[in-house]
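To start, the structure under review is shown below, and the notes come after it.
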2 protein chains.
Amino acid sequence: MLSKKTKYGLKALAYLASVGDKEPVQIAEIAKHENISQKFLESILLTLRRNGFLGSKKGKGGGYYLIKEPKDILMTSVMRVLEGPIAMVPCVSLNFYEKCDDCPDENECSVHKLMLQVRDSALEVYRNNTLADLIS
Amino acid sequence: MLSKKTKYGLKALAYLASVGDKEPVQIAEIAKHENISQKFLESILLTLRRNGFLGSKKGKGGGYYLIKEPKDILMTSVMRVLEGPIAMVPCVSLNFYEKCDDCPDENECSVHKLMLQVRDSALEVYRNNTLADLIS
DNA sequence: CAATTAATCTACTAAAACGATAGGATAAAA
DNA sequence: TTTTATCCTATCGTTTTAGTAGATTAATTG
């Protein structure tokens, strides 16, 4: 399942992209427009800022804004920051690899074999979608 | 993330398929061979049996066995029974559809648009893999 | 029949993840 | 210096996950 965190984060990014100009948009406005708990959204936008997707401005007229062009924001990177690994098992993850403690040999593992394919197919989708693609 | 339940269930099915003959295999043997907690595996095999994947026999010489040919067991059905929906959000699920309570219009939703593609790509993988494919 | 074997079933539990919420600190603008 | 809005830390209730315990039922075997 996609977490609410990722879902809301994507929606917020899409909203910022759809607004278009680089004027800061307040959390409250995003939360209201997307029907999201404002406090929860706060923490999500914070992690998006810390990971280089958003800029922010404090005080009156402040808010969040996209740092890059929507067409330059790949879904692979957004998903990895918000949701974590794209792979369904750590042993097929490119960025979060971990060995299974059961499973003596990955190459013999049926789950490994299947999940490799699933990862690749998901990766292809995320690589072919930028934020710009989501709002068109 | 893939749950341990699904992972272990898949491994158990693969093991039963690899054994080949239709002789019952005991839980203990599967658990030992796949490094799985036997008690946990018990409940997993039970749901696989209840959902028509396995047959069972009690008493000495008993155990679990595949009911169908490995080549006739599609990953779509296994995944749906063990893991639940293949889609990452209920609003794009074929078998477990649910409307989002935020989101007034699905067709305008950026998350919906992305997750439709992810679901389709995952479905293609699961539809193209039978249990027989996993053990070859 | 009785003993053994192995699946079946119910109930419970510890730990982690999830989805928030509370409240104060900080910085910018008016 | 007041207002505005982000920043930050901590906490919290609920659900899910992964697993355990223990008794029951059914089949085989001696």
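This structure is a prediction, so every number in the text was calculated from the model and none was measured. Each chain gets a letter, A, B and so on, in the order the sequences are listed, and its residues count up from 1.
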First encountered from the 5' end of DNA chain D, between B:G61 and A:G59: A:G59
Residue closer to the 5' end of DNA chain C, A:K5 versus A:K57 (nearest nucleotide): A:K5
Nearest listed nucleotide, side chain of B:K60, among C:dT5, D:dT25, D:dT6: C:dT5
Nearest-angstrom distance from the residue atom CD1 of A:I44 to C1' of C:dG19: 9 Å
Sugar-phosphate only, base, or nothing, as touched by B:I27 at under 4.0 Å among non-hydrogen atoms: sugar-phosphate
Worked verdict on A:H112 versus A:V89 for side chain to side chain contact (heavy atoms under 4.5 Å, CB included): CA-CA 8 Å; A:H112 186 84; A:V89 279; 5.9 Å; no
d(CD, B:E23; P, D:dT28) in whole Å: 12 Å
Sugar-phosphate only, base, or nothing, as touched by B:K39 at under 4.0 Å among non-hydrogen atoms: base
Over 12 non-hydrogen atoms of neighbours within 6.0 angstrom of NZ in A:K60: no
Full working for side chain to side chain contact (heavy atoms under 4.5 Å, CB included) between B:I73 and B:T130: CA-CA 5 Å; B:I73 301 179; B:T130 68; 5.6 Å; no
Per B:S3 side chain, nearest of listed nucleotides C:dT26, C:dG19, D:dA18: D:dA18
Given C:dG19, D:dC8, C:dA30, the nucleotide with the shortest approach to the side chain of A:R49: D:dC8
Whole angstrom value for the distance that separates P of C:dA7 from CZ of B:F40: 17 Å
Exercise: do B:S93 and B:E98 side chains pair donor with acceptor under 3.5 Å: no
Separation of C:dA6 C1' from B:L46 CG (nearest whole Å): 13 Å
Given D:dG19, C:dA7, C:dA27, the nucleotide with the shortest approach to the side chain of B:K58: C:dA7
Closest nucleotide among C:dC9, D:dT6, C:dA20 to the B:E42 side chain: C:dC9
Interatomic distance, A:Q38 CD vs C:dG23 C1' [rounded to whole Å]: 14 Å
Nearest-neighbour nucleotide for the A:Q26 side chain, D:dT6, C:dG19, D:dT20 considered: D:dT6
Working for side chain to side chain contact (heavy atoms under 4.5 Å, CB included), residues B:R80 and B:Y126: CA-CA 10 Å; B:R80 284 189 177 119; B:Y126 293 135; over 6 Å; no
B:L41 CG to D:dT20 C1', straight-line distance once rounded to whole Å: 14 Å
Distance test, side-chain N/O of B:S37 to OP1/OP2 of D:dT20, below 4.0 Å: yes
For atom CZ of B:R50 and atom C1' of C:dC9, their distance in whole Å: 8 Å
Integer-rounded Å distance: D:dT16 P and B:L2 CG: 17 Å
Among D:dA27, C:dT21, D:dG19, the one nearest B:Y8 by side-chain distance: D:dG19
